[in-house]
Amino acid sequence: MLVYPSSIDLSTRTLRFLAAQLTARRRDIGTRWRRLPAARQALLALAHLRCGDTYAQLAAGFGVGIATVYRYIHEAIEVLAALAPTLTEAMKIIRTKAFVILDGTLLPIDRIAADTPYYSGKHKRHGMNVQVLTDPFGRLLWASPALPGSTHDLTAARQHGTIDALTGANLKCWADKAYQGAGGPVRVPFRGRRLKRWKRRHNTTHAKIRCLGERAMATLKGWRLLRKLHCSTNRITNVVKALLVLHHSSA
C-alpha cells in the first residue's frame, strides 16, 4: 500500500489536549506498554474524526494493525465523551447569554431502506437527529444525544428536556418553523404565504438572527466523519459528544 504525508486542519492545542487525556487514561488503568505513545494515538484519533480516514488507511500510515486502530479510536472517543457537559451543566453557561439559537441537523448514516426509524422524510435520507444550542454569535454550546432520523425536531427537543430547561431559565430562544408550538421562550417565524407586512418584517429579522446558528452546523460538519457515518448507531452519541469536547478545547 502506498503511504503519503497528509495534514489535519486542527491546532496543536487540540492534539495536546487529547494526548493529555489519553495519558491520564493510561495511568488510571495501569498501562505499561503500547505500540504507539499517547501523542501518536491522539493524532491517529484526530485523523479519523477530522478527516474521516478509514481504519485501513490509518493502520498503514501508523504501522499498526486494524484491530489496534479500532481500539485506539474507541478509547479516545470514550475518554472525550465522558468529559462532555450534560444539558444541566451546559445551562450554567447558557444562562449567561442574552439569548440562544436552537436548531437540529441530520447526520447521514449508511442504512438500508428497511431501517424505517432512521429515515428522515424531510431530508429524504437515513440519518440521526442531533439538536444543538448556540450563543448569539453562532458558537456551539451544547449538542444533544442522537436520535433516529425519523424523529421530528420539536419531539427531539422535548425529549431531551431542552424546552423545559430554557423555560425554567426564562431565556429567549430563536428557532425555525420546525419548532412551531414549542411554547415557552421559543420564538419561531410566522407561517403562511400571504402574511401581513409586519409579519414579513418579523420573519426577515428572525431569519437574520437564526442564520447565525448555521455556524454551529458548519462547525459540526467540519468534522468529515459526520458527513457519512458508517459506525453503529449506538456509538453516534459518543462521537458527537467527543467532537463537542474537542471543539471547546480548541476555542
Rounding to 0.5 Å, atoms CG (L10) and OG (S250) come to a distance of 7.0 Å
The residue among I77, N238, L49 that forms side-chain contact (heavy atoms from CB on, under 4.5 Å) with L243 is L49
Hits for ring-ring contact (aromatic ring centres under 6.0 Å, His included) against F99, two or more places apart or cross-chain, chain-then-number order -> W174
### Query
Can any side-chain N or O of H48 pair as donor or acceptor with the backbone N or O of L225 at less than 3.5 Å?
no
Separation between OH (Y55) and OG1 (T68), nearest 0.5 Å, reads 12.5 Å
d(I236 CD1, L229 CG) to nearest 0.5 Å is 4.5 Å
**Report entry** Under 3.5 Å donor-acceptor, S232 side chain and N234 backbone
**Finding:** yes
Backbone of K172 reached by a side-chain donor or acceptor of R187 within 3.5 Å
no
Interatomic distance, OG@S150 vs NE2@H123, rounded to 0.5 Å, equals 12.0 Å
Given the options T162, T151, D103, D153, Q131 meets side chain to side chain donor-acceptor pair (under 3.5 Å) only with D153
| said: So that I know where these two stand, are Y118 and H126 an aromatic pair - ring centroids less than 6.0 Å apart? | reply: no
Going by atom types alone, do R71 and Q41 pair a side-chain donor with an acceptor below 3.5 Å?
no
request  = May I ask you to say whether D9 pairs ionically with R50, meaning some side-chain N is under 4.0 Å from a carboxylate O?
outcome  = yes
Whether over 12 other heavy atoms sit under 6.0 Å from R200 CZ: yes
Residues joined to W198 in its hydrophobic cluster, side chain to side chain under 4.5 Å directly or through other members, sorted by chain and number, are F190, L195
Kindly say whether Q57 contributes a backbone atom to a donor-acceptor pair with the side chain of D53 at under 3.5 angstrom?
no
Hits for salt bridge (charged side-chain N to carboxylate O under 4.0 Å, His left out) against E78, two or more places apart or cross-chain, chain-then-number order -> none
d(R224 CZ, C51 SG) to nearest 0.5 Å is 5.5 Å
Steps toward side chain to side chain donor-acceptor pair (under 3.5 Å) verdict (R27, T23): CA-CA 6 Å; R27 184 170 57 251; T23 299; over 6 Å; no
In this structure, CE of M128 is separated from OG of S120 (nearest 0.5 Å) by 12.0 Å
